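Model, not experiment: these values are computed from the prediction.
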Amino acid sequence: MAGKEFTVDLNKPLVFQVGHLGEAYQEWVHTPIVTDESPRFFKSDLMEILTRTVWWVVPLIWVPVAMWFISISYTMGHTLPLVVLMSVVGSFIWTFLEYCFHRFLFHIETKSYWANTFHYLIHGCHHKHPMDGLRLVIPPAEAAILAIMFWNLYGILFTVSTRPALFGGGLIGYVIYDMIHYYVHHGQPTKQSIKKLKKYHLNHHFRIQNKGFGITTTLWDRVFGTLPKTKADKKSG
């Protein structure tokens with residue numbers, strides 16, 4: 001059974017069900033269930049554990065790794081101010097990568113069984129269950145695979161001595177991204193800047209899901225014309 005004839009049973013492991021939705025998957029996955037419940041993904045307990053990550057694991061693992069990479073550029077002879085600058089540039093590069101991942105990979109339109117299944121695992125689950133706190137940050141194993149890919153890419157783009165600091169700065173940018181992402185879903189910000197980020201991101205989830213692809217910044221949405229209009233803008237327009 002596929003498409004509109006298929007109904008997902010939320011009381012059973014979800015991952016190998018969603019592919020059967022076919023073309024109906026996109027509508028289903030973008031109709032959120034707003035509860036803190038963490039649904040079952042797999043029948044296997046081991047696979048299930050690998051999909052669940054508490055938020056503090058991200059800085060615990062990746063901040064020390066990032067600092068180690070950054071220190072390599074320093075030991076290779078770069079001055080401390082230059083290493084700091086390269087790290088900041090690396091974090092800035094991450095904001096662009098964050099936007100590209102979210103817009104061009106996480107929001108691909110799928111309809112085949114395995115494409116739906118893949119999309120649900122990498123991002124669809126977050127749109128279906130946006131308040132699931134255990135599947136909001138990227139699991140360490142998945143993050144490690146991505147890190148290795150980008151480390152190799154940076155080896156092509158940058159010199160031997162600048163590569164570690166730029167890469168480490170990118171890891172810091174990633175940690176900031178995951179922490180902000182978690183906080184805008186589960187925190188109660190008091191600072192106006194974070195309140196705006198929360199409104200901007202929740203707007204992406206609950207109002208205009210094909211715009212607003214940034215998490216840490218709205219910069220790239222502004223650059224590429226994907227910043228959603230507010231309700232006030234629409235009224236005035």
Side-chain angles (χ1 to χ4, degrees), residues 50-108 110 115 118-119 121-126 135-184 197 200-201 204 211-227:
L50 291 175
T51 68
R52 299 187 181 200
T53 309
V54 292
W55 69 267
W56 49 262
V57 167
V58 172
L60 183 69
I61 292 176
W62 294 111
V63 169
V65 173
M67 297 308 295
W68 180 73
F69 274 107
I70 291 168
S71 72
I72 293 175
S73 287
Y74 181 72
T75 60
M76 286 183 168
H78 290 290
T79 64
L80 183 59
L82 183 56
V83 169
V84 171
L85 177 60
M86 288 190 292
S87 301
V88 171
V89 171
S91 294
F92 180 73
I93 291 172
W94 164 260
T95 65
F96 178 68
L97 296 174
E98 161 197 317
Y99 174 87
C100 290
F101 268 113
H102 196 182
R103 180 178 179 182
F104 299 112
L105 179 60
F106 293 170
H107 279 270
I108 55 172
T110 61
F118 173 73
H119 180 266
L121 277 169
I122 64 168
H123 194 63
C125 59
H126 178 53
R135 294 198 177 92
L136 211 161
V137 299
I138 301 176
E142 180 184 342
I145 293 169
L146 291 171
I148 291 169
M149 291 170 54
F150 278 105
W151 173 251
N152 290 327
L153 176 62
Y154 278 30
I156 299 171
L157 298 175
F158 306 114
T159 67
V160 172
S161 62
T162 60
R163 174 193 189 189
L166 289 163
F167 180 75
L171 285 177
I172 294 294
Y174 155 65
V175 171
I176 293 170
Y177 153 83
D178 249 353
M179 296 302 93
I180 288 179
H181 191 198
Y182 187 89
Y183 188 69
V184 296
L197 274 181
Y200 157 71
H201 184 60
H204 166 74
K211 291 185 182 291
F213 298 109
I215 301 293
T216 57
T217 176
T218 62
L219 171 65
W220 300 110
D221 277 310
R222 296 177 188 278
V223 170
F224 294 110
T226 54
L227 186 72

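- Side chain of Ser73 to main chain of Ala165: a donor-acceptor pair is present (N/O by atom type, distance under 3.5 Å, no hydrogens or angles).
- His78 contributes no side-chain N or O that, together with a main-chain N or O of Val83, makes up a donor-acceptor pair within less than 3.5 Å.
- No donor-acceptor contact under 3.5 angstrom links the side chains of Tyr182 and Asp178, judged on distance only.
- Between the side chain of Glu98 and the backbone N or O of Ile215, at least one donor-acceptor pair lies under 3.5 Å.
- Not one N or O on the side chain of His102 forms a donor-acceptor pair closer than 3.5 Å with the backbone of Gly214.
- Side chains of Arg103 and Thr226: no donor on one and acceptor on the other come within 3.5 Å.
- In this structure, the side chain of Ser91 does not engage the main chain of Gly170 through any donor-acceptor pair within 3.5 Å.
- Looking at Phe118 and Leu121, their side chains never come closer than 4.5 Å, going by heavy atoms from C-beta outward.
- Note: Phe104 and Tyr99 have perpendicular aromatic rings, judged against thresholds of 30 and 60 degrees for the angle between ring planes.
- Crowding of Phe158 atom CZ: a count of heavy atoms from other residues, nucleotides or ligands under 6.0 Å exceeding 12.
- Side-chain atoms of Thr218 do not come within 3.5 Å of backbone N or O of Asp221 as any donor-acceptor pair.
- Using a 30° and 60° split on the angle between ring planes, Phe167 and Trp151 fall in the perpendicular class, above 60°.
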